[in-house]
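Report on the following structure.
Computed from a prediction, not measured in an experiment: that's the story for all the values here. Read the numbers this way: they start at 1 and go in the same order the structure lists the ligands and their atoms.
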Amino acid sequence: MRASLIQVAVEEGESVEKRRRRVADLVRDQAGADLVVLPELWTTGAFAYEEFGPAAEPLQGPTYEVMAKAASDAGVWLHAGSIPERDPDGTLYNTSLVFSPSGEPAAAYRKIHRFGFDKGEAVLMGAGEELVTVRLPSTTLGVATCYDLRFPELFRGLVDAGAETLVVAAGWPERRRAHWTLLARARAVENQAFVLACGTSGTHAGIPQAGHSMVVDPWGEVLAEAGAGEEVLTVEFDPGKVATTREQFPALKDRVLGLAPPRR
Ligand SMILES: O=C(O)CCC(=O)C(=O)O
């Protein structure tokens, strides 16, 4: 399986429309890949809070249209990163879109863990409530977004639902890059799954982005890692390694669920 992670530069000075066209061309350039992955909120930037409302789109809005066409032009499965989605009831969500190689919608995932504590995304957007997996011919994707990476129980839920390749679209800040690389590897090791973690580069809303998108195998080995700038990170991997790792080192079978709390 060949996957290309497009670590998009999100800089002020480039309009949403221009970036959308530019990124669609980058997706089209990946014809021949099986799966292409984009980062979180790459149209606005994950920290450009004042842009979320003005740039919010219905689920099947301009980004959906352009990305569905880019997926079918390239003939690839496309995780098109996330958009600020405006629900018909007015609520905003941080919603990832996945398309099949014919440009059909395969999934939409509303980010469950919103970042910002009592400000930013955490107050501007609603929380998703449903885990999302996507069946590809050679693997099952589990979909997660940025801050979700800190919550191992979400990934266990995805594994329980059959995920073997965990895709994390992010806009992770440079100042916590050490957490990004550590957590991506931890999620791979504990779930014995591939992790495809795609971030942004550049600086927006005053926040330098970490870049360093990564592909990690089920044994925790980093198969490929991007630098700090805009980059297409392409890697070939054998999805069958999930099954062999889980057979050879069957730690997932030793899970103990429903532990009793301490007595006092
Ligand atoms: O958890 C972090 O350190 C970063 C999370 C984040 O930037 C996000 O979810 O948008």
Honestly, for R114 the part within reach of ligand 1 (heavy atoms, under 4.0 Å) is neither
Distance col, row L257:CG vs D160:CG, nearest 0.5 angstrom, shows 7.5 Å
Heavy-atom proximity to atom 3 (O) of ligand 1 ranks first, among E40, R176, H113, for R176
Quick look: P173 vs ligand 1, heavy-atom contacts under 4.0 Å, and the answer is side chain
| query | Are R28 and D25 ion-paired here, with the side-chain N under 4.0 Å from a carboxylate O? | reply | yes
Under 4.0 Å between heavy atoms, the region of H179 that gets near ligand 1 turns out to be neither
Atom 9 (O) of ligand 1 sits nearest the protein heavy atom K111 NZ, 2.7 Å
Closest to atom 1 (O) of ligand 1 among protein heavy atoms sits R150 NE, 2.6 Å
Honestly, for F47 the part within reach of ligand 1 (heavy atoms, under 4.0 Å) is side chain
For atom 6 (C) of ligand 1, the closest protein heavy atom turns out to be C146 SG, 3.2 Å
Could you check, using the six-membered ring where one of them is a Trp, whether Y147 and F151 have ring centers closer than 6.0 angstrom?
yes
Practice task
Run the salt-bridge test on K111 and E40 with the 4.0 Å N-O cut-off and return the result as yes or no.
Solution key: yes
From the list T133, L166, L35, side-chain contact (heavy atoms from CB on, under 4.5 Å) with L141 holds only for L35
Residues 58-99 vs ring pair (Phe, Tyr, Trp, His ring centres under 6.0 Å), sequence neighbours excluded, gives Y64-F99
Within the 4.0 Å heavy-atom cut-off, what F115 brings close to ligand 1 is side chain
